[in-house]
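Following: one structure in structure tokens, then a few remarks.
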Amino acid sequence: MTQSQTPSPSSSEAPKEAQSLAQRGNNRSRQPTNQAFRDFIGSGWGPRPDAPPALSEAAPWAARRQAALGARFPGERLVVPAGTLVTRNNDCDYRFRPHSAFAHLAGTGTDFEPDAVLVLEPLTVPGQQLADGEPTHEPVLYFRPRAPRTSEEFYANARYGELWVGVRPSIEEVEAATGIRCAHIDTLGDALAKDAGADGVRLRVVAEADTAVTALVDRVRRGASLAAGQEARGLDDTLAEATSELRLVKDAWEVDQLQKAVDATKAGFDDLIRSIPRAKGHWRGERVLEGAFGARAREEGNGLGYDTIAAAGDHANTLHWINNDGPVQPGQLVLVDAGVEVDSLYTADVTRTIPVDGRFTAPQRRVYEAVLEAADAAFARAGEPGCRFRDLHAAAMEVLARRLEEWGLLPDGVTAADSLGPDGQYHRRWMVHGTSHHLGLDVHDCAQARREMSMDALLVPGMVFTIEPGLYFRDDDLLVPAELRGMGVRIEDDVVIRPDGRPEYLTAAIPRRPDDVEAWVGGLIES
Ligand code: GLY
Ligand code: MN
Ligand code: MN
């Protein structure tokens, strides 16, 4: 039986037309469309501000990044999408967060701008000799500018309409704020196709950022008899790799943003510690801690750079413990890994392991001090000439292997030196993660960089990275003494290499030595 043949429930009701499932989503409400209403809602509003916004602080830095990327691909059209809104459920989207390559190159921060696309338009042809400093590309920013108040979009479009999502910018306003020429997103297809071809302009796209834009680029390529789809992925991967490597060295503005993110994170940790008494009395105390940090993150910045880990007792031994649904009990350590992402979208990444009673027990302090010593060793190595990124991990592991040997935890007959060799690595049972990663717009920044540019590279001024050793003794780990079981400790700091080559903690103001941690907790919680 088809839908239209289904008998109506009451013979007195007129039969209704069958509604598709997609149409039913509109059942909650419907906007009027009659002309009188449209004239009415489109009129009677005050003027828009007449002065355009000032050039943003980030704009000159972004211009340098655009020039540096363009210099790697002269003569090619480079397409960097911001990405689109992602559905959370039904008709609710996640809060928009632009792709980091876009945010970096466009110099825009929070909420700018679903479906925008930055194109570096070539000013030269491949192989052309360039004079020193001659620009290779002109950036053009395509986006959907706000619609007039007389449009249906103004009141009826829940994704873009001004009455739904707030005032959106005009072309002129974005040009003034970014210093980049802007154009309507509807002109993107034609702009990408212009002069495209084997003897003309070739295209590359940051393919993962927005599948619709990638598909558009592939259509343009096919139309121009260029390799497309999988055959072009190698070209596109090289662009993604270049955008990632461009972020390995932070400029002064970025380091300042990261310091702001760390400062806000310190404030978040302060609030979290103040919430410990309430957490101890709550059936899901870890959520109390998470909430205290998260509230501050939203107040001070865009939000969190990643989901907070608030892990009491044995939960600290689950490395990505983000359920945070356990209690916080007297005598426990709580491992908190949390970072504020500021409005420019740079994030901190900080871990502190805090005794909830304000004092470390002797076994807790022993483990904590071993981890601290490993962290200090990695930091000291960062200051040595010729230090490569991977040496940070090696320095931390040397300390942890030595301590684990002293505590009799390595297998019989295995020394720390044996364990550190490629056929050993027994100490890694108690710390399976890495010691360091780059930090920036992404918490694990520059992830597409080539190994020789990241792990194997020398540390150079402007690099920002974490140092985060830990020791994790699960409560079902039969190889460790009972007094250590159910205890996980990580200490994570954010470090910058200064112009003179010295490493410096961005996180210096967040207590990390055990006496300082105790004083910190004691100073914020009334006993
Ligand atoms: N919070 C993620 C990490 O420490 O790498
Ligand atoms: Mn980290
Ligand atoms: Mn972390």
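Just follow the structure's listing: the first ligand is 1, and inside any ligand the first atom is 1.
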Give the atom numbers and elements of ligand 1 that come within less than 4.0 Å of a heavy atom of His444.
2 (C), 3 (C), 5 (O)

Residue that, paired with Arg352, satisfies side chain to side chain donor-acceptor pair (under 3.5 Å) out of Thr265, Thr507, Asp493
Asp493

Which of these, His438, His437, Arg247, sits in a side chain to side chain donor-acceptor pair (under 3.5 Å) with Asp445?
Arg247

Which distance, rounded to the nearest 0.5 Å, do you find between the CZ of Phe73 and the OG1 of Thr238?
6.0 Å

Should the pair Arg512-Asp376 be classified as a salt bridge under the 4.0 Å nitrogen-to-oxygen rule?
yes

So for ligand 1, is Arg490 a polar contact partner (N or O within less than 3.5 Å, distance only)?
no

Which one holds for Glu468 and ligand 1: side chain close, backbone close, both close, or neither close, with close meaning a heavy atom under 4.0 Å?
side chain

Donor + acceptor pair across side chains of His433, Glu468 (<3.5 Å)
no

Run through the protein N/O/S atoms less than 2.8 Å from the Mn ion (ligand 3) and write them out by chain and number.
Asp337 OD1, Asp337 OD2, Asp349 OD1, Glu492 OE1

Return yes when at least one N/O/S atom of His444 is nearer than 2.8 Å to the Mn ion (ligand 2), and no when none is.
no

Identify, for atom 3 (C) of ligand 1, the protein heavy atom at the shortest distance, and state residue, atom and that distance.
Asp349 OD2, 3.3 Å

Looking at Glu384, I'd like to know if its CD atom is crowded, meaning that more than 12 non-hydrogen atoms belonging to other residues, nucleotides or ligands lie closer than 6.0 Å.
yes

What is the ring orientation for Phe465 with Phe389, classed by angle as parallel under 30°, tilted 30 to 60°, or perpendicular over 60°?
perpendicular

Residue set satisfying ring pair (Phe, Tyr, Trp, His ring centres under 6.0 Å) with His320, at least two apart, ordered chain then number -> none

